[in-house]
Amino acid sequence: MKIKITLAIFVLFSVTIQAQELNLKISGGPSGILYDSVIGNGTLQFGAGIGLGYSYYFNSHWGISTGIDVMYNQNSFELNDANRITSYQVDDQTSTFEYRVTPSKYKEDQHFISVSIPLLLQYRTAVASKTQLYFGVGGKILFPGKQTVKASAAALQLNGYYPDLNLLVDDLPSHGFGKVLNWQDKTTLSLESSFLLSAETGLTFKIKEKTQLYTGVYIDYGLSDLVKETPDLNIVVYNPNGINNIQSNGTIGNKKIVQESRYLSAGVQLKLGFSLAKDKQQPLLQKAEILSQAQVAATVPEPPIQKQVAETAPLKKELTVEERHYIEKQPLAFQEIGNTKVTPELAVRLDQIAKILNSNKDTELNITGYTCDIGTKARNLEIGMQRATNVADYLKNKGIESKRMHLFSKGESEPLVTNTLAENKPLNRRVRLEIIDQLSRGF
């Protein structure tokens, strides 16, 4: 037990110190012990829980999560009538006999509180501008508290059979044999820790810049029994001094009654996630870029936004047809929603464009960013400008002067293809490069 707790705390600590998201959780659904019995039936009842979680994402899709969950679990168990539970006991005369208990309408109401530490592999993917689909799969270490059992029966017939004498004693109340009516008692039983398989899925909704609402379903299933085997334990304690105040032992530990006792919890959950990571949609923003975003937000969405780095200079040298065609032949693709980074594929092409521009020092460019129609017009104008800015920054790092590049954003306006089809939208997330010739510069 101590080793399991130490391991769980180590995993929790090692992940949470790098947490990118903190979340608070509530959950509810059938939760308790799933019984397998040939002479009785167990029923899961409604349970509820709260949790504190941490998530660390390696990239935009994959991550791991951990935390701590506290759950209230409850269920019931009923024995079929006409079943006799036996065990060997010693009476007040030190004689060994077979203790026979025959209950009628026997029932137990059970509940316990558990603490678990999860470790899940997480995957998420966008299905809309502010909505994501998420999956989680992994395991949990369950630490259950003591189970409280409230037992009752319409009647208990308590008999003693002495095999040496071939004698059955069924009506000797002063020595613990006889019939008890409307019996009730309460007891507590220790439960064992268990490893759970765990899975969850659902949707997340962005409600603020760094706040997510998770809605979904979950299931936890135990891989081992929650009690140690006690095959010779009867459901009640033999009392050699009488049949009054008969105490309950419970049924869960008796393998003659319950063959398996696995943990099971399933239901719905709500989580509120608070991002602790830096905004991944605005990488490498410098002071000039932050200023340009403020200018974008202040403008009317319809007209394009222009960011003039410096006054233009006269064009002194013409590019070849092949060089012009290579620069302007097709847009730079930013296919993922909200992505503004220069991908490795784009970098290969920009490296070649930088070589051409470095060989033609008087050539200037219009760099225009575009988006699809997902999101607001104002936000799309910002993303378009971020894409154009990051392309310009890449070229600047390759030796191209800022004054030779003129940045624009047209957001979702002027799509390359219609946005009505989902497969067309990635084609509209792009940056277009255009050579500035003398006519367009006013000469």
Practice task
State, with a plain yes or no, whether a side-chain heavy atom of Lys255 is found less than 4.5 Å away from one of Asp225.
Solution key: yes

Exercise for the section: Would you give the length of the straight line joining atom CG of Leu189 to atom CD1 of Ile252, rounded to the nearest 0.5 angstrom? Expected result: 7.0 Å

Practice task
Work out which heavy atom in Tyr162 is nearest to a heavy atom in Thr96; give both atom names and the distance.
Solution key: CD2-O, 3.9 Å

Handout entry: Exam field: side chain Thr251 to backbone Val258, donor-acceptor pair closer than 3.5 Å
Key = no

Handout entry: Distance-only donor-acceptor check, side chains Gln157 and Asn159, under 3.5 Å
Key = yes

Practice task
State, without any angle test, whether Gln147 and Thr188 hold a side-chain donor-acceptor pair at a distance under 3.5 Å.
Solution key: no

Problem - Note: Glu423-Lys425 ion pair, threshold 4.0 Å (strictly below) - result: no

Practice task
Assess whether atom CG of Leu121 is packed by more than 12 heavy atoms of other residues, nucleotides or ligands within 6.0 Å.
Solution key: yes

Exercise for the section: Measure from NZ or CZ of Arg430 to the centre of the six-membered ring of Phe334 and say whether it is under 6.0 Å with the direction within 45° of the ring axis. Expected result: no

Exercise for the section: Provide the closest heavy-atom pair for Lys410 versus Leu381 in the form atom of the first, atom of the second, distance. Expected result: C-CD2, 3.8 Å

Problem - 4.5 Å side-chain heavy-atom contact, Thr371 and Asn428 - result: no

Handout entry: Main-chain N/O of Ile246 paired to Asn239 side chain as donor or acceptor, under 3.5 Å
Key = no

Exercise for the section: Please report the shortest heavy-atom distance between Ala151 and Glu108, naming the atom on each side. Expected result: CB-CG, 4.0 Å

Problem - Exam field: side chain Arg387 to backbone Asn339, donor-acceptor pair closer than 3.5 Å - result: yes

Practice task
Answer yes or no: are there more than 12 heavy-atom neighbours, outside Asp92 itself, under 6.0 Å from its atom CG?
Solution key: yes

Practice task
State, without any angle test, whether Ser76 and Glu78 hold a side-chain donor-acceptor pair at a distance under 3.5 Å.
Solution key: no

Problem - CE on Met385 to CD1 on Ile367, rounded to 0.5 Å - result: 10.5 Å

Exercise for the section: Would you indicate whether Lys25, at its atom NZ, is surrounded by more than 12 heavy atoms from other residues, nucleotides or ligands within a distance under 6.0 Å? Expected result: yes

Handout entry: Closest heavy-atom pair and its distance - Gln184, Ser152
Key = CG-CB, 3.9 Å

Handout entry: Side-chain touch Thr204/Thr131, heavy atoms, less than 4.5 angstrom
Key = no

Handout entry: Basic-acidic side-chain contact under 4.0 Å: Asp220, Arg262
Key = no

Exercise for the section: Tell me, yes or no, whether the heavy-atom count around Phe205 atom CZ, taken from other residues, nucleotides or ligands under 6.0 Å, exceeds 12. Expected result: yes

Practice task
Provide the closest heavy-atom pair for Asn59 versus Arg124 in the form atom of the first, atom of the second, distance.
Solution key: O-NH2, 4.5 Å

Handout entry: The single option from Tyr123, Phe135, Tyr57 passing ring-ring contact (aromatic ring centres under 6.0 Å, His included) against Trp62
Key = Tyr123

Exercise for the section: Decide whether Asn166 and Tyr161 meet the rule of one side-chain donor and one side-chain acceptor closer than 3.5 Å. Expected result: yes

Handout entry: Expected output: side-chain Thr66 to main-chain Pro118 donor-acceptor under 3.5 Å
Key = yes

Fill in the blank from the handout: Interatomic distance, OG@Ser261 vs CZ@Phe77, rounded to 0.5 Å, equals 10.5 Å

Exercise for the section: Locate the shortest heavy-atom distance separating Gly32 from Asn75; write the atom from each residue and the value. Expected result: CA-OD1, 3.6 Å

Handout entry: Donor-acceptor under 3.5 Å (Asn249 side chain, Asn234 main chain)
Key = yes

Problem - Side chain proximity check, Ile85 to Tyr99, heavy atoms < 4.5 angstrom - result: no

Problem - Test item: Trp183 and Leu181 side chains (from C-beta on) under 4.5 Å apart, heavy atoms - result: no

Handout entry: Passing candidate, side-chain hydrogen bond (donor to acceptor under 3.5 Å, both in side chains) with Tyr263, options Ser31, Ser116, Ser194, Ser224
Key = Ser31

Problem - NZ/NE/NH1/NH2 to OD/OE distance under 4.0 Å, Lys271 and Glu200 - result: yes

Problem - Heavy-atom donor-acceptor pair, Gln247 side chain to Asp185 backbone, under 3.5 Å - result: no

Practice task
Check whether the side chains of Asn73 and Ser114 place a donor and an acceptor atom closer than 3.5 Å, and report yes or no.
Solution key: yes

